[in-house]
Number of protein chains: 2
Amino acid sequence: MTLACSPSQHAVDVKALLHQSPLFAGLDDAVLDEMLSHFRRETWKQGRQVTGQESGQRFHIILSGRLKMAQINPETGRMVTLFLLQPGDGFDVISLLDGQPDPLIFEARDDLLMLSTPMQEARHWIEQHPAFNRSFLPYLGKQMRTLANLAGDLALHDTETRLARLILRHVDDEQKSGPLRLTHNLSHEALAEMIGSVRVVVNRQLQHWQREGVVVTRRGELIIKELEAMLKKAMHFPKHTSHQ
Amino acid sequence: MTLACSPSQHAVDVKALLHQSPLFAGLDDAVLDEMLSHFRRETWKQGRQVTGQESGQRFHIILSGRLKMAQINPETGRMVTLFLLQPGDGFDVISLLDGQPDPLIFEARDDLLMLSTPMQEARHWIEQHPAFNRSFLPYLGKQMRTLANLAGDLALHDTETRLARLILRHVDDEQKSGPLRLTHNLSHEALAEMIGSVRVVVNRQLQHWQREGVVVTRRGELIIKELEAMLKKAMHFPKHTSHQ
DNA sequence: GTTTTTCTGCTACCAGGGTTACACAGAACG
DNA sequence: CGTTCTGTGTAACCCTGGTAGCAGAAAAAC
């Protein structure tokens, strides 16, 4: 998956997209069609915020755009991004699993195009189609890994390491070679939320790296000049980090 | 579930135990028997450490004792406890889901009595018994919630709040009224790992509370004198915190 | 009972990173 | 095309919470 946002054309080839998605890759066309008949299209404009309570009644599958799934501290107003969901991802998976509403905030980072269906319907469908588990369970595993790594990082590593890792995680996805220009379209604020820190700190760090000549930063993009150096900063990279 | 450790008698009534477990509560006796026939008993002595690589080949169900599931920073030697698994819990669920080994450390906090079976067998069994999903999926949801809350807490709250919450979470499980004596049998070190901090800080905090007259601490136990005050320290308690 | 190990209480120290504040650049929007 | 809003660069400040170290208490091991 990539951090880059897909253009949200309305003529998206839904089935092609789902076939690539980790959740539905394995399903054959007939089953996919049957499933799609239960879903309807839904669009959110960039910036739209919804709480777990509100969105908790329907299960969504992202077709284009990115969705921030975050936790908030009402006292300070600070946020952490737990997931930055991509096309092919579903939400809210946790509510889907246990039926409880999530005390989370969902925010469209881009214009979103999604499929949605009532939670109850989604659960029922899953029950009827055990084959779906073949991709669903591994998908859950990946999500849990991502969360576990986030928690581990927050507790064990400093902000520099966390930021370096966040960046390198996206190198994996984008082009593996070349000049390593990452266009994430994320503000420093957004990056900060993803590593559980604050804008000023992210900026400070990027500036520092820039002076070292390790990276070059622009609005919404970042060029890695010295991959080796970055890897060193992200040291002790866990072997099986989520590649989401 | 409770933090107190069950005595690890070897004459445990396995089926009775599994019926109470969130994972197997819903299954009828016949299915349970069939499942048990695939498992064998396994015991670990308190303090035994195993990496995800090593234990990754078998899936375990805890019958008695507690198991720490932790991430480590090899550079500093510090650890975070992601889960403190209890009787009725299974591990490693993440590996079970996606087949990848976990870069985690498992450590027996008490003497452990478990059931275990090859991962492949467990996966196969799950596939054959869709009814199991009725309890398995909600269980996964609860685990994910726990992780999400941990990550959120680490990013958004100070150590005092995190420690207060850790303690109060166990009040829910133990007796709800009375003198609120919690016997957790955990060292300050262990508590620290559970909130992503260090021994000194936990001690400092507990001592502080003790001087305030809010709690009284002893080895392995803690008495809450002023529940109201504690609740205040844990302020902004998320509505749907895991009650694991 | 004695020794050894593990826990606990406490202190001194200091640095990472969070808070606040402000000026400027670049987008967005009418 | 000017106004408005959002994002970026940077500085001063300082407090939480982490590191290091040690002495005594309590368990565990012998």
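In what follows, chains are A, B, ... by sequence order, proteins preceding strands, each numbered from 1. It should be emphasised that the depicted structure is a prediction, and the values quoted were computed from it without experimental measurement.
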**Study point:** N/O donor-acceptor pair under 3.5 Å between A:Asn203 side chain and A:Val200 backbone
**Key:** no
Exercise for review: Would you please confirm or rule out a distance under 4.0 Å between OP1 or OP2 of D:dT10 and any side-chain N or O of A:Gln207?
Suggested key: yes
Practice item. Check each of A:Arg109, A:Glu193, A:His184, A:Met69 against A:Leu84 using the side-chain contact (heavy atoms from CB on, under 4.5 Å) test, and report the only one that passes. Key: A:Arg109
Practice item. Please say which of A:Arg41, A:Glu42, A:Gln57 ends up in a side chain to side chain donor-acceptor pair (under 3.5 Å) with A:Ser116. Key: A:Glu42
Check your understanding: Nearest-Å distance, CG (B:Leu156) to C1' (C:dG17)?
Key -> 15 Å
Check your understanding: Taking the side chain of A:His188 as heavy atoms from C-beta outward, which of D:dG7, D:dG9, C:dC10 is closest to it?
Key -> D:dG9
Exercise for review: Please determine if a side-chain N or O atom of A:Asn203 lies less than 4.0 Å away from the OP1 or OP2 oxygen of D:dG9.
Suggested key: yes
Practice item. Between protein and nucleotides 15-30 of chain D, map the contacts as a letter string: B base, S sugar-phosphate only, - none, heavy atoms under 4.0 Å, written 5' to 3'. Key: --BBBB-----SS---
Exercise for review: Over 60° means perpendicular and under 30° means parallel, so classify the ring planes of B:Phe106 and B:Phe91, tilted if in between.
Suggested key: tilted
Practice item. Whole angstrom is fine here: how far is it from CZ in A:Arg211 over to C1' in D:dG9? Key: 9 Å
Review point. Within this structure, what is the CG-to-C1' distance between B:Leu191 and C:dT6, rounded to whole angstrom?
Key: 15 Å
Exercise for review: Could you state the atom-to-atom distance from CD of B:Glu193 to C1' of C:dC7 in whole Å?
Suggested key: 14 Å
Check your understanding: Just how far, in rounded Å, is C1' of C:dG26 from CD of A:Glu189?
Key -> 18 Å
Check your understanding: Side-chain donor-acceptor pair under 3.5 Å between A:Asn149 and A:Thr146, yes or no?
Key -> no
**Study point:** For atom CH2 of B:Trp209 and atom C1' of C:dT8, their distance in whole Å
**Key:** 17 Å
Check your understanding: Do the side chain of B:Asp153 and the main chain of B:Leu150 share a donor and acceptor less than 3.5 angstrom apart?
Key -> no
